[in-house]
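Notes for the one structure printed next.
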Amino acid sequence: MNLFADIRSLVLDSLATLVSEGTLPDGLSLDAVTVEPPRDPAHGDMATNAAMVLAKPAKMKPRDIAEALAAKLADDTRIASAEVAGPGFLNLRLAPSVWQGVVGAVLQAGTAYGRSDMGRGSRVNVEYVSANPTGPLHVGHTRGAVFGDALASLLDYAGHDVTREYYINDGGAQVDVLARSVYLRYLEALGQEVAFEDGTYPGDYLIPVGEALAEAKGDAWVGQPEEVWLEEARSFATDAMMELIRTDLAALGVKMDVFFSEKSLYGTGRIEAAIEDLRAKGLIYRGVLEPPKGKTPEDWEPREQTLFRSTAHGDDVDRPIMKSDGGWTYFAPDIAYHYDKVSRGFDALIDVFGADHGGYVKRMKAAVSALSEGRVPLDIKLTQLVRLFKNGEPFKMSKRAGTFVTLRDVVDQVGPDVTRFVMLTRKNDAPLDFDFDKVLEQSRENPVFYVQYAHARVMSVLRRAAEAGIACDDATLAEADLGGLDHEAELAVARKLAEWPRLVETAARTNEPHRVAFYLYELAGDFHALWNRGNDVHGLRFIQEGDAAASQSKMALARAVSVVISAGLGILGVTPAQEMR
RNA sequence: GCACCCAUAGCUCAGCUGGAUAGAGUGUCGCCCUCCGAAGGCGAAGGUCGUAGGUUCGAAUCCUACUGGGUGCGCCA
């Protein structure tokens with residue numbers, strides 16, 4: 001149920017009636033007609049711009065249309081009043097019974113209340129994290145992981161068929177570096193003195209991997225050249241790293257559907273097939289690129305290379321797909337990977353990258369556009385930096401200084417729920433401040449606490465009502481008489497609940513899960529406001545002494561709030577708090 | 001030099017993909033707890049939405065040009 005959609009249908013029906021009566025001309029396009037909540041609640045519950053959008057095509061004055069429409073709408077029992085305002089807005093006030101109906105609808109549907117079938121039939125692939133398998137995930141990955149996971153859940157909630165995917169960069173030179181580093185740890189485990197030079201990973205996390213290798217291999221690789229051990233060490237090490245990464249992700253509550261290996265593209269003809277597809281479209285050629293203007297590298301010299309004509313699909317320059325030594329550039333397997341995604345039949349692709357990969361957006365979009373011949377849209381969401389603070393003081397991450405902060409550090413310190421919520425309290429393309437102390441503070445300025453507290457309050461009042469012998473299970477509340485919910489503070493909460501389905505669709509359409517977090521904060525705010533009014537106005541308390549029926553109607557509202565909070569937190573991957581400690 | 005992202009209250013940020021007098025938190029100021037739901041509550045002040053044009057009934061939102069900040073820019077992934 002989406003109240004805004006319902007009322008919009010009503011407006012469209014009324015307009016159709018006006019057409020059939022000859023008040024409005026035939027053949028008007030009604031696409032631009034919207035029904036939305038006005039910014040200023042004093043303007044009513046909903047407003048439609050119908051009169052203004054139709055004025056020009058209908059060759060009528062906006063106010064004339066608005067008045068005719070108002071008269072029609074007033075016939076509907078749901079409409080308490082319809083007033084023409086401003087340049088031709090039609091402000092609608094809905095009967096209290098409509099808002100009470102929203103509460104009933106929430107309780108009937110449960111956490112499915114805001115589900116949408118907007119994405120019905122649409123298969124979406126969300127690729128996120130995709131960190132190199134060379135070490136543990138750090139805070140930057142954490143944001144991408146949370147964002148991607150919440151986005152995937154949001155799209156699922158909006159009716160899409162979602163696949164969560166991780167691309168393992170296990171095919172490039174960095175995994176050779178990993179293998180050599182692990183080899184050093186292997187020697188170390190066998191008692192040798194080793195030195196970690198530039199171009200190796202000195203992290204402690206490789207020590208157990210080296211030990212495991214020593215356990216498995218004994219001294220068979222000691223003193224042997226790379227040809228003997230490199231390949232096996234590589235696969236042993238990447239497996240170990242992926243195990244580590246999977247464990248980290250699990251600690252955060254992230255579970256992928258597919259782990260896609262870059263390595264699986266090599267030596268199997270899959271890269272060649274993707275490039276061949278582009279070649280058949282006339283998009284592969286040999287050529288020489290212009291040096292970048294303004295900042296010419298000292299060692300620049302013109303060189304002929306194999307290029308992808310990405311400019312034919314919106315990129316700024318064509319991109320090399322082959323190195324001068326004949327090997328593929330990193331871009332080639334990326335193309336092949338997206339070719340694979342396209343051929344798996346997805347209707348839309350989403351990539352979540354760190355902001356430092358912003359330079360690859362255009363070329364990836366160009367590749368997907370070319371490979372799918374424009375059929376499959378690729379949206380790339382960039383997550384900005386996370387700035388870390390401790391007690392208001394910023395601190396820099398440095399591997400050397402040992403202040404490198406991993407995903408695991410964050411989760412272990414503040415827990416997965418807080419981590420996830422906080423990561424979504426900012427738009428993905430805005431930098432995020434993460435203060436280890438403030439995120440645990442119990443105050444209004446901390447949205448995590450504020451939302452959880454609202455949910456816990458509902459749970460608490462339900463428990464107390466049950467102790468007082470008032471039936472307040474969901475089935476009972478769903479059938480409760482809600483006629484008594486007519487106070488302004490109560491209706492405000494119901495109005496907020498009515499916005500939920502609409503918000504889900506907007507958030508899903510824009511691929512912006514942070515909207516859910518902000519909505520929950522607002523809903524919690526309205527609920528806390530109502531709760532606080534109970535201090536002065538005893539008639540607004542949820543438990544009405546000696547009046548089970550009144551208590552039940554009020555607790556139906558409270559329960560509806562907790563259901564929507566629960567649904568929203570579910571999308572964010574956060575567990576609703578049953579009580580605060 | 002080019003591309004992408006960002007610029008909204010003193011501070012941190014929302015703004016529902018073009019709607020009315022631009023919102024919230026925090027900070028500032030003024031009220032409110034001997035008691036019943038204060039890990040607080042009510043109210044006030046605070047803005048040329050970076051600048052200048054344009055599109056139209058209507059712009060923080062779309063377009064153009066600037067200013068300032070971030071990111072990236074052939075054979076590293």
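The figures here come from the full heavy-atom set of this structure, side chains too, leaving out hydrogens, waters and symmetry mates. Here is the naming used below: chain letters follow the sequence lines, and residue numbers restart at 1 for every chain.
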Contact under 4.0 Å: [X] side-chain N or O vs [N] OP1/OP2:
X        : N     : value
A:Arg444 : B:G25 : yes
A:Arg515 : B:G15 : yes
A:Arg363 : B:A3  : no

Proximity to the side chain of [X] - top-ranked nucleotide from [options]:
X        : options             : result
A:Glu445 : B:G41, B:C76, B:U26 : B:U26
A:His514 : B:A20, B:A14, B:C5  : B:A14
A:Asp356 : B:A14, B:U71, B:A39 : B:U71
A:Arg541 : B:C36, B:G19, B:G40 : B:C36
A:Lys56  : B:A20, B:C57, B:G25 : B:C57
A:Lys427 : B:A14, B:G41, B:C76 : B:A14
A:Pro37  : B:U26, B:C16, B:G19 : B:C16
A:Pro320 : B:C36, B:G74, B:A39 : B:G74
A:Phe518 : B:C13, B:G41, B:A39 : B:C13
A:Lys362 : B:C13, B:C4, B:G15  : B:C4

Integer-rounded Å distance: [N] [atom2] and [X] [atom1]:
X        : N     : atom1 : atom2 : answer
A:Asp526 : B:G41 : CG    : P     : 13 Å
A:Asp351 : B:C4  : CG    : P     : 19 Å
A:Asn49  : B:C16 : CG    : C1'   : 14 Å
A:Tyr285 : B:G74 : OH    : C1'   : 12 Å
A:Glu36  : B:G58 : CD    : P     : 18 Å
A:Asp379 : B:U17 : CG    : C1'   : 12 Å

Hunt down the Watson-Crick or G-U wobble partner of [N], both distances under 3.5 Å, from any strand shown, or write none.
N     : result
B:G27 : none
B:U51 : B:A65
B:A20 : none
B:G40 : B:C32
B:U71 : B:A3

How about A:Phe421 and A:Tyr450: are their ring centroids closer than 6.0 Å? no

Considering every strand and a 4.0 Å limit on heavy-atom distances, what is the contact class for [X]: base, sugar-phosphate, or nothing?
X        : value
A:Glu262 : sugar-phosphate
A:Tyr521 : sugar-phosphate
A:Phe542 : base
A:Ala85  : base
A:Thr510 : nothing
A:Ala47  : base
A:Arg533 : nothing

If the threshold is 4.0 Å, N to carboxylate O, is there a salt bridge linking A:Glu505 and A:Arg515? no

Tell me whether A:Glu441 is salt-bridged to A:Lys438, with the criterion being a basic N under 4.0 Å from an acidic carboxylate O. no

Does [X], at its [atom1] atom, have more than 12 non-hydrogen atoms belonging to other residues, nucleotides or ligands within less than 6.0 Å?
X        : atom1 : value
A:Glu197 : CD    : no
A:Glu304 : CD    : yes
A:Gln578 : CD    : yes

If I pick the [atom1] atom on [M] and the same atom on [N], what distance separates them, to the nearest angstrom?
N     : M     : atom1 : value
B:C73 : B:A7  : P     : 24 Å
B:C13 : B:G74 : C1'   : 40 Å
B:U64 : B:C2  : P     : 15 Å
B:C31 : B:U17 : P     : 43 Å
B:A60 : B:A9  : C1'   : 14 Å
B:G47 : B:C62 : P     : 25 Å
B:G50 : B:A20 : C1'   : 25 Å

Sorted by chain and number, sequence neighbours left out, ring pair (Phe, Tyr, Trp, His ring centres under 6.0 Å) with A:Phe147 holds for none

Donor/acceptor link under 3.5 angstrom from A:Asn91 side chain onto base of B:A20: yes

Taking the six-membered ring for Trp, are A:Phe436 and A:Phe434 parallel (under 30°), tilted (30 to 60°) or perpendicular (over 60°)? perpendicular

Both A:Trp328 and A:Arg502 contact RNA chain B. Which one's nearest nucleotide lies toward the 5' end? A:Arg502

Which comes earlier along RNA chain B counting from the 5' end, the contact point of A:Arg387 or that of A:Asp316, where each point is its nearest nucleotide? A:Asp316

